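Reading through the structure tokens given below for one structure.
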Amino acid sequence: MHVHTCENYDRLSAHAAALVAADVERKHDLLLCPATGSSPTGTYRDLARRAATDPQLFRSISVIALDEWGGLAETDPGATTGYLKEHLLTPLGIPTERFTAFDTAADPATACGRIRAQLERIGPIDVCVLGLGVNGHIGFNEPTPSLVPHCHVARLSEESRRHAMARAMKKPPEFGLTLGMREILAARHIILLVTGDGKQSVAAKLLGKEVTTMLPASLLWLHDHVDCLVDMALL
Ligand code: GLP
């Protein structure tokens, strides 16, 4: 894992957007797996700015969701899907045919099975943009004594249920749907964004380099091509 210290959130976002854009320049039809949440919103804003000046750049990329909140109403398009449409798909001009989302209308285990099968067809992921949960989770791979390798339904930790996206929902979700660590670690390039209130302690643990399932993000130390962008405010 290559750790970059960034002066502030805007610098971190600009750096991450530049890394993604450079990957797209090298491979125009790459597969992007983007996290949601406050960590990557600035990155997607900067990618949208790039798309405004270079509308052809993102023309051929495909996107697959990293995770989704569980228990949404059948008619609900999904919190992750809604976020990605607003911040990424629409600004970058990515049509729905090139976006794979968790099917919120299906039984959750079936929806995960479909994502796993789709990833086996179109994967591996070329570039995965991750945020770090306050408890060290990535996607909804929560700290637990053992992790599930493939896409699965995950019981959410209290920290995840207190996430701003969950608090905005009528009923706090009990479970989430998420890519597993194996699918994340199979990505060719991973960009981990370490930024946000209350993450000082988890950032320090991650940078301590101990690899443990009780801090799922620490498994990224086992991958050869991870850029970890850390907001200096956390150090
Ligand atoms: C959420 C999502 C993750 C996200 C993480 C951090 O629960 N499952 O995909 O990356 O927590 O969120 P934030 O960037 O808002 O701190």
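We're numbering straight along the sequence, starting at 1. We count ligands from 1, going down the list as the structure has it; atoms in each ligand are counted the same way. This one's a predicted model, so the numbers in the text were calculated from it and none came from an experiment.
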- Task: Give the numbers and elements of all ligand 1 atoms closer than 4.0 Å to a heavy atom of S38.
- Result: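 Listed by number with element, the hits are 13 (P), 14 (O), 15 (O), 16 (O).
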- Of all the atoms in ligand 1, which lie at a distance below 4.0 Å from a heavy atom belonging to D67?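 Near D67, the atoms of ligand 1 are 2 (C), 3 (C), 8 (N), 9 (O).
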- Message: On a heavy-atom basis, I'd like to know which of M165, E159, H137 is closest to atom 1 (C) of ligand 1.
- Response: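 Among M165, E159, H137, the closest heavy atom to atom 1 (C) of ligand 1 belongs to H137.
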- Have a look at ligand 1 and work out which part of K199, if any, has a heavy atom under 4.0 Å from it: side chain, backbone, both or neither.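 The side chain, only.
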- Applying a 4.0 Å heavy-atom criterion (strictly less than), which segment of L132 is in contact with ligand 1: side chain, backbone, both, or neither?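 Within the 4.0 Å criterion, L132 contacts ligand 1 through backbone atoms alone.
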- Item | Polar side chain donor-acceptor pair, S160 to E142, under 3.5 angstrom |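 Per modelled atom types, S160 and E142 side chains form a pair under 3.5 Å.
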- Item | H4/H2 under ring-ring contact (aromatic ring centres under 6.0 Å, His included): CA gap, chis, key distance, verdict | CA-CA 7 Å; H4 310 258; H2 185 189; 4.2 Å; yes
- Query: Should the pair F140 and H137 be assigned to parallel (<30°), tilted (30 to 60°) or perpendicular (>60°) ring geometry?
  - Reply: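 Answer is perpendicular, since the angle exceeds 60°.
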Geometry only, no angles: is [X] polar-contacting ligand 1 at N/O separations under 3.5 Å?
{"X": "S39", "result": "yes"}
{"X": "W69", "result": "no"}
{"X": "G139", "result": "yes"}

- Task: Note the single closest protein heavy atom to atom 12 (O) of ligand 1, along with its residue, its atom name and the distance in Å.
- Result: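 The closest one turns out to be H163 NE2, 3.0 Å.
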- Message: What I want to find out is whether R45 reaches D10 closely enough, with some N-O distance under 4.0 Å, to be called a salt bridge.
- Response: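 Result for this pair is yes, salt bridge flagged.
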